[in-house]
A.B. asks: 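Before anything else, here's the structure in question.
Each chain gets a letter, A, B and so on, in the order its sequence line appears, and its residues count up from 1.
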Protein chains: 2
Amino acid sequence: MNKIPGGVCAAKGFTAAGVHCGIRKNRTKRDLALIVSEVRGAAAAVYTQNLVKGAPLMVTREHIADGYAQAVVCNSGNANTCNANGIEIAEKMAAITADALGISASDVIVASTGVIGQPLDIEPIAAGVPEAAKLLGDCGADAAEAIMTTDTVKKEVSYSFEVGGALCRIGGIAKGSGMIHPNMATMLCFITTDVSISPEMLNKALKSDIIDTFNMMSIDGDTSTNDMCSIIANGMAGNAEITAEGADFDAFKAALRAVTDELCRMLAADGEGATKLLECHVAGAPDKATARTVAKSVVCSSLLKAAMFGADANWGRVLCAIGYSGADIDVTKIALSFKSAAGELAVCENGAGIDFSEDVAKVVLSESEIEINIDLCQGSECALARGCDLTYDYVKINGDYRT
Amino acid sequence: MNKIPGGVCAAKGFTAAGVHCGIRKNRTKRDLALIVSEVRGAAAAVYTQNLVKGAPLMVTREHIADGYAQAVVCNSGNANTCNANGIEIAEKMAAITADALGISASDVIVASTGVIGQPLDIEPIAAGVPEAAKLLGDCGADAAEAIMTTDTVKKEVSYSFEVGGALCRIGGIAKGSGMIHPNMATMLCFITTDVSISPEMLNKALKSDIIDTFNMMSIDGDTSTNDMCSIIANGMAGNAEITAEGADFDAFKAALRAVTDELCRMLAADGEGATKLLECHVAGAPDKATARTVAKSVVCSSLLKAAMFGADANWGRVLCAIGYSGADIDVTKIALSFKSAAGELAVCENGAGIDFSEDVAKVVLSESEIEINIDLCQGSECALARGCDLTYDYVKINGDYRT
């Protein structure tokens with residue numbers, strides 16, 4: 001497996017575009033993305049578990065029900081959620097895209113992200129989609145930019161890998177960066193690949209992947225109404241179609257994991273207002289579910305997140321978050337250390353504090369990527385959860401998001 | 001029922017004191033509280049459900065197992081939690097208090113609050129308890145101050161009420177104000193009353209009360225390791241002992257609720273860094289559990305809390321928090337309004353936005369107490385949850401709590 005350039009355009013037969021169509025007032029910010037495959041491909045998606053669901057998700061779910069899709073259209077600046085005419089507008093977005101591309105509307109994946117509860121005007125989209133269609137090309141970066149909201153950096157990644165001797169490619173783009181606490185789905189993430197795979201196996205691969213990637217990440221504990229992660233596999237790599245488990249399926253799953261894993265790191269590091277990426281590694285758990293529960297509880301603690309912002313080795317907050325996680329464990333066995341590029345520092349053994357240098361702690365915790373390493377010492381299962389620190393800027397960004 | 005002065009000293013036979021014994025470096029901050037009853041009283045307590053429990057809670061649970069207690073000793077500045085010698089120190093605190101008061105150590109309720117994982121030195125306490133014992137008097141306010149950590153105001157309240165013709169009194173003090181997300185218990189709260197009631201009925205009253213008061217409040221989603229709420233009823237009011245349900249028990253429960261309700265309001269309003277008290281009233285729920293779940297999810301949303309800080313009527317975040325709460329409801333029926341001393345503003349009906357004036361919204365949300373009124377329109381049950389806004393100061397306070 002090798003990292004390659006191209007993002008969502010790395011796979012054969014995929015083009016993309018990102019334009020400013022006018023949903024956002026800032027004319028320098030692209031707000032409409034198109035991703036298109038030359039041919040129809042197998043498709044799968046996972047959606048937010050929030051009961052309040054964006055209208056685009058409901059339309060996408062219907063369009064993808066047959067297991068196939070050919071294009072993605074996504075706007076930023078407005079979530080098209082909690083609007084009386086939401087479904088109608090989302091369907092129009094698909095129809096406009098289908099017209100511009102000469103494909104079927106039922107092969108269009110529709111997504112929106114931004115403010116909830118403000119009607120989405122179809123006019124800018126009606127004008128923007130044909131314009132974007134004309135610009136389709138190796139422009140994955142423009143699409144990555146067009147789906148950003150409060151994100152400060154574009155998130156795209158792509159890899160090549162082999163399936164049964166055929167060279168395949170997979171790439172993805174994603175956006176965060178607040179209201180991020182995915183539950184069986186994610187913020188917006190669009191993945192493209194030229195591997196040949198049946199819709200059933202594609203769906204299976206995606207569903208199993210997100211459990212340890214997107215679902216193990218939290219920026220602020222708020223599960224969005226518009227979370228969606230979709231994938232289109234157009235088969236143009238020419239491998240023998242993957243229709244069952246085995247070596248080929250495993251090779252694809254590994255490539256998919258490489259993409260989602262890296263996008264998760266990017267998303268967590270670019271959480272709203274974040275200055276630090278937090279990775280909580282839990283080992284020594286009696287079972288996988290316990291490991292996941294503990295890791296996620298720790299990266300979700302507002303108190304710990306604020307302490308990490310202040311480079312304060314307040315490890316008692318880690319123990320506290322483990323204690324209220326709901327996991328059934330013996331807290332008197334826990335060992336804990338903080339680690340970064342500046343070194344590793346043990347702070348707790350057998351559930352109680354051990355002497356450490358506050359000066360060293362300050363140096364370790366002043367790095368931009370912090371590992372919180374927990375050994376529960378009561379088993380052999382492990383898990384990783386990602387998050388970020390809680391900063392003044394998170395409050396600032398969210399104190400007047402709409403204005 | 002009438003509000004009266006006195007706090008924990010309002011009830012007959014109770015005295016209190018608060019001194020600076022030296023656990024805190026700041027000599028002007030009291031850090032040791034004593035609350036004492038002339039006679040042994042029925043006692044009950046509820047504790048944190050966090051698996052990581054402060055040593056004082058374990059000692060208190062043992063002391064209170066027989067249903068009786070006579071005194072409370074509590075220090076601030078150190079939680080005596082996750083320390084290898086925690087139990088030993090907590091038992092010493094009880095023994096020192098018993099010696100100073102001439103009572104049994106097993107009648108002492110012990111509590112600590114402050115930093116987790118730093119050994120608690122017994123010396124300042126050994127010197128401070130006898131000093132406090134000498135100062136015992138109508139000093140509930142000193143005790144209320146001595147248990148404060150990052151609280152900015154003392155929290156005390158007291159009421160008189162009648163039981164079977166006898167005039168009774170009840171009062172309490174409490175401290176917050178971060179790591180507040182009580183789960184079957186609360187931060188520290190000490191209640192005293194001179195009503196005559198059996199330990200069983202006292203326990204029953206306390207356990208049923210907290211479900212709708214302390215357990216419906218959240219500052220930051222972090223359930224503390226040291227949460228405790230205790231009550232001592234010394235019977236000195238002379239009413240016929242309450243030993244069963246009935247009018248007397250109801251009168252006592254109403255008085256208890258008046259105390260805990262007001263302390264909850266004070267705690268939420270004084271959440272770390274808070275500038276606004278948030279009260280989420282949920283009506284029209286199909287059942288009580290649903291009403292509680294929805295209300296608590298809303299006051300726990302970091303995004304909504306930040307929006308309230310910014311006086312931004314971003315009601316989509318309320319819908320979002322309802323949607324991920326886990327409650328099984330029809331989100332297309334929801335009506336929502338914001339209300340404060342400046343007026344009430346409807347923002348959502350049938351799950352979708354309605355036109356409103358942003359200028360009016362800014363005025364309504366700029367008050368210091370905000371009601372978020374949700375009508376689920378699918379039943380008749382209701383619930384109230386309390387919280388506060390998320391501010392720069394929360395981050396500041398918790399970025400360097402230990403230093």
Side-chain angles (χ1 to χ4, degrees), chain A residues 48-53 79 81-84 86 115-119 178-179 181 183 220-225 300-303 306-307 309-310 312 314-317 319-325 327-329 331 347-348 350-353 390-392 394-403, chain B residues 48-53 79 81-84 115-119 178-179 181 183 220-225 300-303 306-307 309-310 312-317 319-325 327-329 331 347-348 350-353 390-392 394-403:
Chain A
T48 185
Q49 292 301 298
N50 196 315
L51 286 184
V52 178
K53 283 185 176 60
T81 299
C82 296
N83 295 325
V115 183
I116 299 171
Q118 292 183 357
M179 208 176 267
H181 182 83
N183 181 13
D220 52 14
D222 281 271
T223 299
S224 163
T225 54
C300 287
S301 161
S302 292
L303 284 168
F309 171 57
D312 179 6
N314 199 330
W315 61 268
R317 292 178 179 172
L319 270 279
C320 179
I322 297 171
Y324 66 65
S325 68
D328 181 20
I329 50 166
V331 294
V347 292
C348 167
N350 299 316
L390 175 62
T391 71
Y392 300 125
Y394 178 85
V395 178
K396 186 174 182 185
I397 291 164
N398 288 301
D400 60 352
Y401 176 63
R402 299 183 315 151
T403 50
Chain B
T48 184
Q49 292 300 300
N50 197 313
L51 286 184
V52 179
K53 284 185 176 59
T81 299
C82 296
N83 295 326
V115 183
I116 299 171
Q118 292 184 357
M179 207 178 265
H181 182 83
N183 181 12
D220 52 13
D222 282 271
T223 299
S224 163
T225 55
C300 285
S301 161
S302 291
L303 284 168
F309 172 57
D312 179 6
N314 199 330
W315 60 269
R317 293 179 179 171
L319 270 279
C320 179
I322 296 171
Y324 66 66
S325 68
D328 182 20
I329 50 166
V331 295
V347 292
C348 166
N350 299 315
L390 175 62
T391 70
Y392 299 125
Y394 178 84
V395 178
K396 185 174 183 184
I397 290 164
N398 289 299
D400 60 352
Y401 176 63
R402 298 183 315 151
T403 50

A.B. asks: What's the spacing between A/C320 SG and B/N50 CG if we round to 0.5 Å?
C.D. replies: 5.0 Å
A.B. asks: Step by step, would you call B/I116 with A/L319 a side-chain contact (heavy atoms from CB on, under 4.5 Å)?
C.D. replies: CA-CA 9 Å; B/I116 299 171; A/L319 270 279; 5.5 Å; no
A.B. asks: What is the minimum heavy-atom distance between A/A84 and B/A352, and which atoms define it?
C.D. replies: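 The pair with the smallest heavy-atom distance is N-CB, 4.0 Å.
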A.B. asks: Against chain A, work out which of B/L51, B/V52, B/T225, B/L303 has the most heavy-atom pairs shorter than 4.5 Å and name it.
C.D. replies: B/L303
A.B. asks: Name the option with the most non-hydrogen atom pairs under 4.5 Å to chain B; the candidates are A/S302, A/A79, A/G310.
C.D. replies: A/S302
A.B. asks: If you tally heavy-atom pairs under 4.5 Å against chain A, which of B/G353, B/S325, B/G316, B/G323 wins?
C.D. replies: B/G323
A.B. asks: Please identify, among B/S301, B/A321, B/C348, the residue contributing the most non-hydrogen atom pairs under 4.5 Å to chain A.
C.D. replies: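 If we count pairs closer than 4.5 Å to chain A, B/S301 comes out on top.
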A.B. asks: What distance do B/T48 atom OG1 and A/Y324 atom OH have between them, rounded to the nearest 0.5 Å?
C.D. replies: 10.5 Å
A.B. asks: Shortest non-hydrogen contact from B/G351 to A/C82?
C.D. replies: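 Minimum heavy-atom separation between B/G351 and A/C82: O-CB, 3.4 Å.
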A.B. asks: For A/V331, is it the side chain, the backbone, both or neither that has a heavy atom under 4.5 Å from a heavy atom of chain B?
C.D. replies: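 For A/V331, the side chain is the part near chain B, not the backbone.
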A.B. asks: Show the nearest heavy-atom pair for residues B/D312 and A/G399, with the distance to one decimal.
C.D. replies: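 The answer is CB-O, 3.6 Å.
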A.B. asks: Quick one: closest heavy-atom pair of A/L390 and B/Y394, and the distance?
C.D. replies: CD2-CE2, 3.9 Å
A.B. asks: Where on A/A327 is there a heavy atom nearer than 4.5 Å to chain B: the side chain, the backbone, both, or neither?
C.D. replies: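 The answer is the backbone of A/A327.
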A.B. asks: Name the region of A/F309, side chain, backbone, both or neither, that has any atom closer than 4.5 Å to a heavy atom of chain B.
C.D. replies: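 Just the side chain, heavy atoms under 4.5 Å.
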